[in-house]
Amino acid sequence: MSLEKIIAAAIEGDAVEVNKSFNEEISSRISLALEEKYKAAMEEDLEEAKDDDEDEDEDEDDEDQKDDDDEDDDEDED
């Protein structure tokens, strides 16, 4: 819609209206682009955090398994 306003104002020769409409359109597009980029970054952070949690859980499981194996080895030595 704003592009239509810009074109109409340009045809009429109203430079002030062209400038106003152009600034509104650019501001709107920048806001939308920043919002999309922010959402994408937040989704990426959530995925990384989820992956980190999964890695920590796997590390804890590995440590628990190692501890169990060490205890079994100690019992076998007796």
Side-chain angles (χ1 to χ4, degrees):
M1 174 87 176
S2 291
L3 291 177
E4 292 173 0
K5 287 170 123 179
I6 294 168
I7 293 168
I11 291 172
E12 292 174 11
D14 189 354
V16 174
E17 187 62 30
V18 170
N19 188 32
K20 180 181 172 186
S21 296
F22 178 78
N23 286 334
E24 287 175 2
E25 183 66 20
I26 291 298
S27 295
S28 173
R29 289 181 184 208
I30 290 172
S31 295
L32 288 173
L34 288 173
E35 184 177 335
E36 287 177 15
K37 186 168 184 138
Y38 175 77
K39 286 180 182 179
M42 292 305 293
E43 287 176 4
E44 185 177 314
D45 287 346
L46 288 173
E47 287 178 12
E48 286 178 9
K50 185 178 178 183
D51 289 345
D52 289 345
D53 288 345
E54 289 175 0
D55 290 344
E56 288 176 8
D57 290 344
E58 289 175 4
D59 290 344
E60 288 174 5
D61 290 344
D62 291 344
E63 288 176 13
D64 290 344
Q65 182 65 33
K66 184 178 179 184
D67 289 344
D68 289 345
D69 290 345
D70 289 344
E71 288 175 6
D72 290 342
D73 289 344
D74 291 342
E75 290 174 2
D76 290 341
E77 291 176 5
D78 290 336

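Quick note: numbers below take in every heavy atom, side chains included, and nothing from hydrogens, waters or symmetry partners. Sequence positions, counted from 1, serve as the residue numbers for this chain.
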Practice task
Using side chain to side chain contact (heavy atoms under 4.5 Å, CB included) as the criterion, list what pairs up with Ile26, not counting sequence neighbours.
Solution key: Phe22, Ile30
Problem - Pairs touching residues 29-41 that satisfy salt bridge (Lys or Arg N to Asp or Glu O under 4.0 Å), sequence neighbours left out - result: Glu25-Arg29, Glu35-Lys39
Handout entry: Exercise: identify the closest heavy-atom pair between Val18 and Ala10
Key = CG2-N, 3.3 Å
Problem - Pair listing, salt bridge (Lys or Arg N to Asp or Glu O under 4.0 Å) test, anchored in residues 12-21, at least two apart - result: none
Problem - Side-chain (Asn23) to main-chain (Asn19) donor-acceptor, under 3.5 angstrom - result: yes
Practice task
Applying side chain to side chain contact (heavy atoms under 4.5 Å, CB included), name anything that partners Leu32, two or more places apart in sequence or on another chain.
Solution key: Ser28
Exercise for the section: State which residues pass side chain to side chain contact (heavy atoms under 4.5 Å, CB included) with Glu48; sequence neighbours excluded, sorted by chain then number. Expected result: Glu44, Asp45
